[in-house]
Protein chains: 2
Amino acid sequence: MTSLAEENYLKAIYALNLGDSSASTNAIAERLETKASSVTDMLKRLNEKKLVNYLKYRPATLTEKGQAIAIDVIRKHRLWEYFLVEKLKFGWDEVHEIAEQLEHIQSPALINRLDEFLNAPKFDPHGDPIPNREGKITERHNQVLANLSVDEFAFIVGVKEHSNSFLQYLDAMQLVLGTKIKLINRFDYDQSAVIELVDSKKEITISNEVSENLYIKTT
Amino acid sequence: MTSLAEENYLKAIYALNLGDSSASTNAIAERLETKASSVTDMLKRLNEKKLVNYLKYRPATLTEKGQAIAIDVIRKHRLWEYFLVEKLKFGWDEVHEIAEQLEHIQSPALINRLDEFLNAPKFDPHGDPIPNREGKITERHNQVLANLSVDEFAFIVGVKEHSNSFLQYLDAMQLVLGTKIKLINRFDYDQSAVIELVDSKKEITISNEVSENLYIKTT
DNA sequence: TAAATGATTTAGGTAGACCTAAATATAATG
DNA sequence: CATTATATTTAGGTCTACCTAAATCATTTA
Ligand SMILES: [Mn+2]
Ligand SMILES: [Mn+2]
Ligand SMILES: [Mn+2]
Ligand SMILES: [Mn+2]
């Protein structure tokens, strides 16, 4: 019913709107690494299929149907990522590309059984919430480590950046999901921060960029 | 590198040649439920890519490269089927369509890890051999139940027919893989046979068509 | 071996999903 | 408000993978 390409467009529009950006032709093109003219093409077709609301020169939005499909694809993506990490022992930096393919497999039965097999996980390996069977997502608007005050404790619960290099950096620093940390100090100069890994009692220094890209939950 | 459509053509040619039929344009078209003219089109392109050997008006054969891809796709298909049945608890009559999609996911790492996760199974849920990492298949040329003699014992090890209706019939009759049977009698009239399910000591009567489509291994 | 039949290819299209270059609309700026 | 600059669309292609109808080849069959 909906092609792989169409699903990727719906996902892109969904993601842009979530991030409070408007799904302009150019923004979509950049996300999908394609050209603006191709996007215009596709928006017309998706509008025809009543999956997006599109008027010339205006940013696109998803219809109910379009959004339901986008969320379903995201559900599949995140469930597969969870499977790859938990069952097949992939690293969290290795699963996104594979999930980009698996998310387009069409079989509701497959996804429901996979969900059961995995015990209906709530979060994917990057801390992103997995939509449930009915398409409900509880989008956490977590704080970011940059907002934590000195001497406060927190758990690392997710990443804002998803690049492999960031994930690999976090692995190297032992800043994995679930880690309990305490903010020891933050330097005025460049906002770099000294944090303690509570369990291992190790202290490490991280840049502001890192602090901005780690989601935390205060204790 | 190779598209979903290309992979399906390679698989079709491989299967035809295995079954000692020649991969003629029409035979391929029938298997793939497409038109002969479309097949000609594709054969030209696959020939260009050196995946098949093709000369006008002649049946196609696979090159080494083409065969390697075909076998890899079959490996993926059968591993996924095994996963679906063993881990996700699908019935053997429910997995083929889903595996038709999953077999095209491109990621050698994924398949190797899946294989490990499943403990490198040798046979899929229908008794078909799973090619190993190096692309080696030990094609069993099993006997079929129709060749069993009266009073002989055997195990059911595979199905020749893969249709859902046949698989569902076998489920209903409790003729699942691994079942030990004894041939009690075969009627001259229509070759229908009376067999005993050794473990449950039940006797059932099956048609010649069924006998021709069940692979067995004599004890 | 000529005609008929069936298999295969060619010719000419379509739809999806891209692309570049050119035209046009919108937004920003002096 | 007129002029740039930027965003977006249109025009015109390409490539893949299909299709129908017509032409051609190959194999039977008379
Ligand atoms: Mn991902
Ligand atoms: Mn993720
Ligand atoms: Mn199958
Ligand atoms: Mn099978």
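Here the structure is a predicted model, which is why all the values come from computation and not from measurement. In what follows, chains carry the letters A, B, and so on, assigned in the order in which the sequence lines appear, proteins first and then strands, with residues in each chain numbered from 1.
- For A:E48, the CD atom sits in a loose shell: 12 or fewer heavy atoms of surrounding residues, nucleotides or ligands are nearer than 6.0 Å.
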N/O donor-acceptor pairs under 3.5 Å from side chains in residues 81-90 of chain A, not counting sequence neighbours:
from  : atom 1 : to     : atom 2 : distance (Å)
A:E81 : OE1    : A:H126 : ND1    : 3.1
A:E81 : OE2    : A:H77  : NE2    : 2.8
A:E81 : OE2    : A:H96  : ND1    : 3.4
A:K89 : NZ     : A:E86  : O      : 3.0

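- The interatomic distance linking B:K56 (NZ) with D:dA26 (P) rounds to 9 Å, in whole Å.
- At distances below 3.5 Å, at least one donor-acceptor pair connects side-chain atoms of A:R140 with backbone N or O atoms of A:G127.
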Within the 4.0 Å limit for protein heavy atoms, which parts of nucleotides 14-25 of chain D are touched? Write it as a string from 5' to 3', B for base, S for sugar-phosphate only, - for none. --SBBBB----S
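- One interatomic measurement links the two molecules: CE of A:M1 to P of C:dG16, which rounds to 11 Å at whole-angstrom precision.
- At distances below 3.5 Å, at least one donor-acceptor pair connects side-chain atoms of A:N213 with backbone N or O atoms of A:E209.
- A:R58 contributes no side-chain N or O that, together with a main-chain N or O of A:N53, makes up a donor-acceptor pair within less than 3.5 Å.
- The CZ-C1' distance, from A:R58 to D:dT9, rounds to 15 Å in whole Å.
- For the pair B:N26 CG and C:dA7 P, the interatomic distance rounds to 6 Å; values are reported in whole Å.
- Put simply, OH on A:Y54 is 16 Å from P on D:dA7, counting in whole angstrom units.
- As rounded to whole Å, 11 Å separates atom C1' of D:dT9 from atom CG of A:L43.
- Counting heavy atoms from C-beta outward, A:N208 and A:D190 have side chains that stay 4.5 Å or more apart.
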